[in-house]
Trainee: 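One structure is given below, represented as structure tokens, and several questions about it will come after.
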Amino acid sequence: LPIEDAVIVVEDDSTLRSLMADILAEVGAKPMAFETAGDPLTHLLEIHGDYPLMIVDQSLPGQIQDEFIELVRSRRPTIASILTSAYLLDPTQVPPSTIYSHKPWSLDDLVAAVTTSLQPGHPIFKITSPQE
């Protein structure tokens with residue numbers, strides 16, 4: 001199913017940020033991409049729009065990197081989250097009800113995580129060839 005809502009992307013790597021925004025736009029989402037945690041936090045807490053999902057890099061620059069997901073959820077408890085990281089994270093480092101996606105993730109992995117977060121009743125499956 002197409003994703004028709006705004007999705008917040010917080011990624012300090014400009015190439016990955018642009019790639020995620022492009023992928024989200026391809027599946028119908030309206031990506032809002034940010035480089036640091038401060039701007040999207042202000043945006044999410046001040047703007048009264050529907051933001052069902054945020055995709056957040058674990059190693060964000062700034063003072064609120066570790067608490068970002070919890071801070072947003074304290075004001076918007078229904079927002080889903082995907083945490084990405086190039087580092088292997090201990091499960092205790094991943095906030096509750098958050099999907100963890102290890103970098104480098106594939107296109108299929110990102111779309112599956114977004115779909116799982118936003119449409120839990122409509123799972124998608126990766127189509128594999130007989131050789132796999």
Side-chain angles (χ1 to χ4, degrees):
L1 298 172
I3 310 298
E4 297 177 344
D5 296 312
V7 174
I8 299 293
V9 174
V10 189
E11 170 61 61
D12 60 330
D13 181 286
S14 62
T15 302
L16 280 177
R17 187 172 58 249
S18 177
L19 177 62
M20 283 192 277
D22 289 346
I23 292 168
L24 290 166
E26 284 290 319
V27 296
K30 298 167 190 72
M32 297 189 67
F34 299 91
E35 183 177 356
T36 64
D39 290 337
L41 183 62
T42 300
H43 182 82
L44 283 165
L45 298 180
E46 290 180 355
I47 306 298
H48 300 287
D50 187 24
Y51 299 97
L53 175 64
M54 59 183 160
I55 303 173
V56 181
D57 180 32
Q58 187 261 342
S59 60
L60 292 173
Q63 297 178 345
I64 59 169
Q65 66 175 0
D66 294 334
E67 302 90 14
F68 180 79
I69 291 174
E70 286 87 0
L71 284 170
V72 171
R73 282 206 180 133
S74 71
R75 299 285 179 96
R76 292 179 177 256
T78 61
I79 193 168
S81 59
I82 299 171
L83 180 66
T84 65
S85 180
Y87 303 101
L88 288 176
L89 299 180
D90 184 287
T92 61
Q93 293 176 280
V94 179
S97 302
T98 297
I99 293 175
Y100 167 62
S101 184
H102 186 263
K103 293 178 187 176
W105 37 259
S106 70
L107 170 71
D108 290 341
D109 292 339
L110 181 64
V111 171
V114 168
T115 302
T116 300
S117 296
L118 295 178
Q119 300 172 350
H122 297 86
I124 63 169
F125 302 97
K126 183 177 175 182
I127 299 173
T128 57
S129 65
Q131 293 83 19
E132 292 186 38

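Worth knowing before you read on, the calculation uses all heavy atoms, side chains too, and leaves out hydrogens, waters and symmetry mates. One-based numbering along the sequence shown.
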Trainee: Determine yes or no for a side-chain-to-main-chain donor-acceptor pair under 3.5 angstrom, with Ser18 supplying the side chain and Thr15 the backbone.
Mentor: no

Trainee: Locate the shortest heavy-atom distance separating Phe34 from Pro40; write the atom from each residue and the value.
Mentor: CD1-CB, 3.5 Å

Trainee: Please check if the side chain of His102 supplies one atom and the backbone of Ala86 the other of a donor-acceptor pair under 3.5 Å.
Mentor: yes

Trainee: Is it true that atom CD of Glu26 has more than 12 heavy atoms of other residues, nucleotides or ligands lying nearer than 6.0 Å?
Mentor: no

Trainee: Between Ala113 and Ile99, which heavy-atom pair has the shortest distance, and what is it?
Mentor: O-CD1, 3.6 Å

Trainee: How far apart are the closest heavy atoms of Tyr87 and Tyr100, and which atoms are they?
Mentor: O-OH, 2.7 Å

Trainee: Measure the spacing between OG of Ser81 and CD1 of Ile8 and express it to the nearest 0.5 Å.
Mentor: 12.5 Å

Trainee: So do the side chains of Leu53 and Asp5 get within less than 4.5 Å of each other, counting heavy atoms only?
Mentor: no

Trainee: Scan Thr98, Ile69, Leu83, Val7 and name whichever one has a side chain to side chain contact (heavy atoms under 4.5 Å, CB included) with Met54.
Mentor: Ile69

Trainee: Give the minimum heavy-atom separation between Ala29 and Pro31, together with the two atoms involved.
Mentor: O-CD, 3.1 Å

Trainee: If I take atom OG1 from residue Thr84 and atom CG from residue Leu16, how far apart are they, to the nearest 0.5 angstrom?
Mentor: 7.5 Å

Trainee: Is there a donor-acceptor pair under 3.5 Å between the side chain of Arg76 and the backbone N or O of Leu44?
Mentor: yes

Trainee: Could you go through Tyr51 and His43, starting from their C-alpha distance and side-chain angles, then the distance that decides it, and tell me whether this counts as ring pair (Phe, Tyr, Trp, His ring centres under 6.0 Å)?
Mentor: CA-CA 11 Å; Tyr51 299 97; His43 182 82; 5.5 Å; yes

Trainee: Does any part of the side chain of Leu110, heavy atoms only, come nearer than 4.5 Å to the side chain of Ile55, both counted from C-beta?
Mentor: yes

Trainee: When you compare the side chains of Asp108 and Ser106, does any donor N or O come within less than 3.5 Å of an acceptor on the partner?
Mentor: no

Trainee: Is Asp13 close to Asp57 at the side-chain level, that is, under 4.5 Å between some pair of heavy atoms?
Mentor: no

Trainee: Would you sort out whether Asp12 and Thr36 count as a side chain to side chain contact (heavy atoms under 4.5 Å, CB included), showing the intermediate values?
Mentor: CA-CA 6 Å; Asp12 60 330; Thr36 64; over 6 Å; no

Trainee: Going through the distances and angles, do Met20 and Trp105 end up as a side chain to side chain contact (heavy atoms under 4.5 Å, CB included)?
Mentor: CA-CA 11 Å; Met20 283 192 277; Trp105 37 259; 3.5 Å; yes

Trainee: Do the side chain of Arg17 and the main chain of Glu11 share a donor and acceptor less than 3.5 angstrom apart?
Mentor: yes

Trainee: Looking at every non-hydrogen atom in both residues, tell me the closest pair between Ile82 and Ser117 and how far apart they are.
Mentor: CG1-OG, 3.7 Å

Trainee: Where the side chain of Arg73 meets the backbone of Thr78, is there a donor-acceptor pair that is under 3.5 Å apart?
Mentor: no

